[in-house]
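Position 1 is the first residue of the sequence, and the numbers go up from there. These values consider heavy atoms only, across backbone and side chains, with no hydrogens, waters or symmetry-generated copies.
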Amino acid sequence: MVSKTDDIPASVPNCNVNTVDLVGETPDRKETSKGPHKDPCGHSVDTAVMNGGGAHDLSEEESKQDGAGDTDGGEDSNEQEVIVIQDTGFTVKIQAPGTEPFDLQVSPQEMVQEIHQVLMDREDTCHRTCFSLQLDGNVLDNFAELKSIEGLQEGSLLKVVEEPYTVREARIHVRHIRDLLKGLDPSDAYNGVDCNSLSFLSVFTDGDLGDSGKRKKKGSELEQIDCTPPEHILPGSKERPLLPLQPQNKDWKVIMTPMQCLKVLTMSGWNPPPGNRKMHGDLMYLYMVTVEERHISITASTRGFYLNQSTTYTFNPKPANPSFLSHSLVELLSQISPAFKKNFTALQKKRVQRHPFERIATPFQVYSWTAPQVDHTMDCVRAEDAYTSRLGYEEHIPGQTRDWNEELQTTRELARKNLPERLLRERAIFKVHSDFAAAATRGSVAVIDGNVMAINPGEETRMQMFIWNNIFFSLGFDVRDHYRELGGDAAAHAAPTNDLNGVRAYGAVDVEGLYTLGTVVVDYRGYRVTAQSIIPGILEREQEQSVIYGSIDFGKTVVSHGKYLELLERTSRPLKVQRHNVLNEKDESMELCSSVECKGIIGNDGRHYILDLLRTFPPDLNFLPVEGEELSPESVRQGFPRQHRHRLACLRQELIEAFVEHRYLLFMKMAALQLMQQKANKERKLATLTENSSPGAAVPALPSTETPDGSAESSETSTETLTDANSDAAQTETTSTSDAPQAAATETTTTEAAPKTEPMTETDSSATTTTNASQATPIEVNVVPMVTTNGPLVPFATAIQNGECESPLEGKAEDIIPGLAQAKELAESLAAEDGSGIDPKSREVVLNACKAVGSISNTSFDIRFNPDIFSPGVRFPEDSADDIQKQKQLLKDAGAFLVSCQIPSLVKDCLDHSALPMDGATLTEALHQRGINVRYLGNVLALVDKTPAKAQLEHFYRIGISELITRCAKHIFKTYLQGVELSALSAAVSHFLNCFLSSFDAVAHLPADELVSRRKNRKRRNRVPGGGDNTAWASLTPSELWKNIVSEAQSYYHFTLHCENADQVVEKYGLQKITLLREISIKAGIQILIKEYNFDSRHKPAFTEEDILNIFPVVKHVNPKASDAFHFFQSGQAKVQQGYLKEGCELINEALNLFNNVYGAMHVEICACLRLLARLNYIMGDHHEALSNQQKAVLMSERVLGVEHPNTIQEYMHLALYCFANGQLSTALKLLYRARYLMLMVCGEDHPEMALLDSNIGLVLHGVMEYDLSLRFLENALAINSKYHGPRSLKVALSHHLVARVYESKAEFRSALQQEKEGYTIYKNQVGEAHEKTKESSEYLKYLTQQAVALQRTMNEIYKNGSNASIMPLKFTAPSMASVLEQLNIINGIIFIPLSQKDLENLKAEVQRRQQLQESGKSVEDLTVDSPLELEDKIPMDVNVD
């Protein structure tokens, strides 16, 4: 059955999940729904597993104010019962005109429309668009669900009946035929149109994955593999060609020439039909030229298509003789043109063979930074689209233009009480958002290209505003001096992205009744455009009248409104925004629950909108020098505060989360310590606390938190004073933090069962220990639900523990544990009751702890920020002075936390390889996950530079430098482009790239004006049309550009670059020009011709204007999430980590189903889901299923993230492993070579991931007996591993062993012995002689020694006796595939542990024992700490070996 995921129209918000029964919910929630996107590969995943309970029965309010509903819901729920209901599909027969009846598998929840889609995609019925389905002569309603149709059952016959055409139907038909003819044409993907994007996987697999893999039995495969990689892929090769990035797909070559079906298909100039012909049923006229050069005119009439007698110059609409009247254009053309018939059939065969994921549209457009020269063909549909798009029409939607605001807000208002409703709602939200992003992007491009008329055309261009397709567009310039005090144009450029982050945050909290605008920020041709949906009625009124909450002049005049306060109050906990008072111009106090710039406007639709959310998060004081304010010492030590371009620098939401999390840990510890002291005091009956020194040196300061300890450090709160005792140690020990990045969590499999034990590990002996705070924290958060409703909002990086925060607990860890438990109980009961039943001493404990960590409440932990602190122009009432002081201190602490905890924690994660950025995008992601803004990049690099282990961070440093340089270049490029007029654009861009990368001392080639005739040319040399100063760009020289880059790096990132041109950069920092080219092209939206560029020629420039193919918009938008699916995904991960693979697999399958429901078939999160599913299939021994899922993951990653995105490279590596396990060796090698080529392009050879890749390649080559090649790769892997993991690492030992095995196969036993000895020494020193690894190594050494001795004997025998020597047959073993696969699994972090029946029974018993324990209410803490480890030993686990 053909995938049903193709072209599902936007208009059907039908959402469907397999019938599901939510456990633990009210009975009326038994609703059914099911998505057109089942598993998009024909095989239906028919088990729908739902775990009810925790994820969904958080009451609506709680999950709202909690914001944490997102993260901890799934954890406890997965213990509950799981009910599986089969989705009973049935088969119907379909009879289409002119074809045999065929069977189609359908499901009762499908709509009739989905059968239409399937028929329009099937090879034999794809040419029909205008038909109805009839059952026993009754026409079926397109939008009816199949189960609601009477008489439709197993075996029913549905007839396809041709319907008469209308103009709209005729257009749809022509468009569909055009799409079928373009079915394999990649030009839309290169041009970045209609959400098409590239995928090259099929070039490397030759379609032999999956089913066809079973058919070709590859027994004799070993002999015929050509394993030699191209020169440029071998280790040590310096050339980085660009052409292999987009290998030519065989199918594409085919389209370009022989498989052409038609030369021209276009609308005729005789359209529209005159009145008299309309009355004969003429709808429109088409003009075609067949491959045989026959020119024909065709009439589309209500009855179908026929030839008429018109020619180019005479109009004669009468039918020709014969007229070939056919209901479908394809049938008509097949009769006229034999070539069309033959090629069209071949084309459709090819099209249907392609994997559905190669052709489904992506939700957001992905642009390619390289493209070949694609021929521009005549295409009437494209031309028409361009025209209607300029008018802002949307052809296929009733009512022409869409009311975006209404659509965006209505979807938010959909019901969300139970799972089916939530899925429907999330799906509708996602669909509207992706449509809005596409329309906003088209509009922004039209605005900058000058295709839209301004609504204020009289003003200068920078100040103009536009409306197109019901979207409002404004440019990122400081018009009316609005941002003058905040940094002018720089602030106006930063404000839209800040605003977008605000929209994203409020959208995620999702409070009913509070509305934000659809917002998209587009950077295009050097301009920043903000596109927003329009509040109904806002254009008719002046802004002053509309705003009823907030301020329109940055706080000079302020108004407030009760309803807004009530709505915003509900967001204040999850967003950590403090409710506060400010003074208005009349010195009256106004209460706000957001920053002053946040404006509230009630639209004509009665909805409460908030806009201008640019200060949702508090200011970043490290980049906001304020007179008379002293930052905390950690910040000052690193050279803060620094002057920034603008005053809108804010902390990131992730940072706020991590900071609050970190303060919460501190709060719990302090309360625990004080309780311990009280206990000790009672025992000793001592009145004074000061003599009590048992819990460690820093403790005596604790109880006196109320007395401000001014003497130590006036600017520090007492908390800091307490913890500062150790701060110098902490500074030198900067790498001692621990942090749980979400990204790592998806792959590494630390058992999640463990953290339920008390967080004793956090209080390990010294600041140097890396604690597992990251695991323990979330559990604490669950334990004290009331106290931490302020807990994590989104699962970002959490729980940082840096040396500074560690000190109060040094010393006696064991003493503290009971205290922590008491502290929890106390905090819980304080929050639960009014506090009357608690003795005053305990209350004092919590009060002290609250004060110490800066909580705004005195009875529970609650940290919030006032975003208006330090805003120029905002004044606060006198009576809140204390509060303001506290808030200022909190902000300083947050800034210090970023510098002294988060940045070192990132560096540490890179050192232990839990964060592995490969390019600029993944580096930025790693920074953002930890709440570090990119403006700190200079600081991060400076810290890496000072780290003793700098050599092991070389890859990170190099990526950081390249990111810093390309970002500086992008800043300069932005202003450079603004001065270029359209006709000189390609020349200007190529000149800039030459100055940036070419060794040639670039002189701009002003484009010879194509439009000036030769004769006059002499006088007008070098004048560009439009004359004037538009050629200023041409005067840029390489040395000037690099001077600007260096000064930009200094002023923006406070980082000193030592270089004067591209060659010096390459030399000094070890960068690659091709990588710099990729980074700048992606950041600036440049598309270049794919060919080999000679950057190093001193005689001619690398780029000419012909090499610049396009400039694309760079788009930022909100990504709505599928929350239920995400819960399932997390629960599934947790299950897998506890070793319950089957349950985990079911949950993840269910998550996949739900993701498909919300996002459609293509999405980054579905990609992660498929990858994990494939890994589970593989571990559970279903290699074939693993291959199928991983193939989808690779295709999806290529399509959604880009063909050379680091994620795609990883997916290629996984796929190669599963191919090898399936015996497809040559494919596995091709995939690994592809991954290596991409990695060389993206980050070069010197990267820790390259070691893993090379080990994989080396092992596969060893398996196919290419020993010399294998050694090259394995020895390279060994070198890289030694460099990045240190010569004593277990990874290095494994590398030595792999090299030794190849030498053994080559019978070079001396070298083999030498390598294995190295490995043995590492094992002995690291894990001791008793460890199995050490024993294995020692056995292998013995075996090698015997072989070496035997070989020597034989050689001696030959020397002595010459040719008649009696030679012992020597064992030269080619490695078995099984042994190669075993090693592959080990290096890829998968270890299989064989389970005997007895083990399985023990395991079951153990699992049951735990469940009983949990049910009987015994806390899990009573279990021994190491029981999870027992489990782990017996189950095929997925671990990362080090």
Side-chain angles (χ1 to χ4, degrees), residues 12-38 45-88 107-111 145 147-148 409-432 507-513 570 1120-1132 1146-1160 1165:
V12 223
N14 56 331
C15 161
N16 8 3
V17 194
N18 307 337
T19 323
V20 155
D21 189 352
L22 283 173
V23 191
E25 306 241 2
T26 45
D28 59 75
R29 295 209 178 174
K30 250 190 181 178
E31 295 203 12
T32 56
S33 68
K34 176 241 88 263
H37 303 302
K38 283 166 93 186
V45 183
D46 48 22
T47 43
V49 189
M50 277 274 126
N51 63 343
H56 312 302
D57 54 26
L58 275 170
S59 70
E60 205 53 29
E61 293 71 41
E62 188 180 326
S63 63
K64 257 193 233 107
Q65 41 151 293
D66 212 17
D70 265 25
T71 45
D72 1 334
E75 287 309 308
D76 42 5
S77 59
N78 48 24
E79 299 305 333
Q80 305 217 353
E81 188 184 352
V82 166
I83 292 189
V84 180
I85 294 178
Q86 295 298 329
D87 177 10
T88 47
S107 129
Q109 287 88 11
E110 276 176 38
M111 293 201 177
E145 289 193 347
K147 60 174 180 227
S148 65
Q409 313 311 348
T410 317
T411 51
R412 284 240 172 249
E413 288 164 350
L414 292 171
R416 44 172 148 178
K417 287 200 255 330
N418 51 30
L419 183 76
E421 286 182 354
R422 279 197 299 273
L423 285 173
L424 214 130
R425 174 173 184 266
E426 284 177 347
R427 175 182 181 152
I429 289 175
F430 182 76
K431 183 75 189 116
V432 174
V509 179
D510 209 4
V511 166
E512 227 167 303
R570 285 155 61 190
K1121 289 275 174 270
S1123 54
D1124 287 290
F1126 193 65
H1127 286 312
F1128 272 93
F1129 187 57
Q1130 283 187 314
S1131 313
E1146 285 173 347
L1147 284 167
I1148 285 164
N1149 259 317
E1150 187 49 43
L1152 182 64
N1153 249 339
L1154 302 186
F1155 276 137
N1156 275 329
N1157 255 296
V1158 175
Y1159 296 140
E1165 285 171 22

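Of the residues N1149, L1147, N1153, L1152, the one that meets the side-chain contact (heavy atoms from CB on, under 4.5 Å) test with F1128 is L1147. Exactly one of R425, R570, R416 qualifies for a salt bridge (Lys or Arg N to Asp or Glu O under 4.0 Å) with E512. That residue is R416.
Taking both residues in full, the closest heavy atoms of E421 and A415 are given as OE1-CB, 3.2 Å, listed atom of the first, atom of the second, then distance.
From L423, atom CG reaches atom CG of L1154 across 5.5 Å, with rounding to the nearest 0.5 Å. Going from atom CD of E145 over to atom OG of S107 covers 8.5 Å, rounded to the nearest 0.5 Å. Residue R427 holds its CZ atom at 6.5 Å from CG of N1157, rounded to the nearest 0.5 Å.
Under the rule for a side-chain hydrogen bond (donor to acceptor under 3.5 Å, both in side chains), S148 has no partner lying at least two apart in sequence or in another chain. Under the rule for a side chain to side chain contact (heavy atoms under 4.5 Å, CB included), the partners of A1122 that lie at least two apart in sequence or sit in another chain are E426, A1125, F1155, V1158, Y1159.
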Which is it for K1121 and E1165 under the side-chain contact (heavy atoms from CB on, under 4.5 Å) test, yes or no, and what are the steps along the way? CA-CA 9 Å; K1121 289 275 174 270; E1165 285 171 22; 3.2 Å; yes
